[in-house]
Structure formats: structure tokens, C-alpha cells
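Atom set for the values below is all heavy atoms of this structure, side chains included, hydrogens, waters and symmetry mates excluded. Numbers for residues simply follow the sequence, beginning at 1. We count ligands from 1, going down the list as the structure has it; atoms in each ligand are counted the same way.
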Amino acid sequence: MIHLQRREMMFGLAGVALAHSMLGRVGMAMAADKIKPGPSSALIVVDVQNCFLPGGSLAVKDGDQVIPVINRIAKDFDNVVMTQDWHTAHHISFASTHDGKKPFEVIKLPYGNQVLWPDHCVQGTDGASIAKDINIPHAQLIIRKGFHNDVDSYSAFLEADKETRTGLASYLKERKIDTVFVTGLATDFCVAWTAMDARNAGLNVYVVEDACRGIDINGSIAKAWEDMAKLGVKRIQSSDIA
Ligand SMILES: [Zn+2]
């Protein structure tokens, strides 16, 4: 339903001229009603790591189902960036680091509220490895995040203190990339925060819904889509990409 509304809005009679000018401005070509990623576009593959797959310590439901979708659309991109959650062994985001706390409880830290997670993606462990079925040999950059012991980082751009930068915005700028397509795990945390920070960095941002899966704590998936829409993040399906 949302998909149809979006297409009508983008490609309805009144919208054609606008869509053309918008797409022209962001360096995109439009083939029929498909979006064709150009040289100024990058695919961002967020945290498709063993810990987040079924059987992992912080498994996202059906998380493995994003893999064939991401492998397929990656072929349409010259530029692919992957992210890797990469924590110290007693990271501040782990419930086990805090006496008497359980996973999914929320605590206050100097930089704000922090959801506590089961131990996951510890540096150098098999759980932190990118899923073996991800097949994107032409990926150019892996951004590791969450490696500072006392700060979490859902976003590929900005750590949870909202100050410490990963360098990704500058990298994309130097490479003259102005448009990103965000995929991976999990929709309501690392994907959403990455997409929103990409918007805040001045990029055009698409989130490919069927190339993502979420965790959903108290309606957090719906809330994430709402927050992303408010910032101008566009929600598409992999079939929208040429
Ligand atoms: Zn993490």
C-alpha cells in the first residue's frame, strides 16, 4: 500500500517533471519507473554479521533473508560500503557489563539512554565476521563501529555520543558520492540511525525495505520508519532498483 502510494506520488502525471528534476539533480538516471544507481551512488550494507543472523547471540528474526536481496542489488552499484559492529569484550552496551542488568533493559549513560544488549560482535570473534554468504567482492570499504569501549555506535556515521565521527561522511564526500542506499540489520537501530545521519550529512538517502529486517522493541520498527520519513529518507523496495 505504502509502496503504491509512493510510486503514484513520484511518477504520477503531476509528479513527472518534479521527479525528473529531482533525479537529475542527484545524479540519478530513471529507466522506466526504476531507479538506476549511478557513479555518485553507494550501497551501504549495515552489520550483516553472524551475531545478528538466526542462531547468533543477538539474532534478528529472518535476518538471513536479507542476504540474497543484498547480493543481487549490489551488482547494480559501482560503490559498496559495508559496516561491521566491532565491540570490546566488556563493551558498555552489553548487559553483562552492568551488575544486575538484563538484555533489553535501558540505562542512562552520559550520552543518553542506552538499550543493553546480549554480548555480540566482539572484535576478532566468529560472531563479528561478515556473513559468509554475503558475496560482494567489489565492496570498497568496511567501516568498523562501536570499538570505543564506553560509547555505542548504531550509526555508520556518528557514534552514540553524537560527537565522535567515523569518517564515512568525509570519505563519501571525497569520492563525490551524494546518494546512498541503505540495507542490512537491523531496520530499527543501525539501519535507521545510519540513514538519518546520512540525511543529516546532506546525502540523498533510500532505505531498501526488503533488504532490511528489524528487531522491534515496543514498536521500534514503525517509529524508525516515521523518524526516517520526517528527515526525508525515501523508503523503497529492491524491485524499484534497475
Ligand atoms: Zn552493537
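- Both tests hold for Lys162 against Trp193: distance to the six-membered ring centre under 6.0 Å, angle to the ring axis within 45°.
- The Zn ion (ligand 1) lies under 2.8 Å from an N, O or S atom belonging to His87.
- When ring centroids are compared, His87 and Phe147 stay outside the 6.0 Å threshold.
- In terms of modelled atom types and a separation under 3.5 Å, the side chain of Thr83 and the main chain of Asp47 share a donor-acceptor contact.
- For Asp85, the N, O or S atom closest to the Zn ion (ligand 1) goes by the atom name OD2.
- His120 has its ring centre less than 6.0 Å from the ring centre of Phe94.
- Among the atoms of His120, an N, O or S atom falls under 2.8 Å from the Zn ion (ligand 1).
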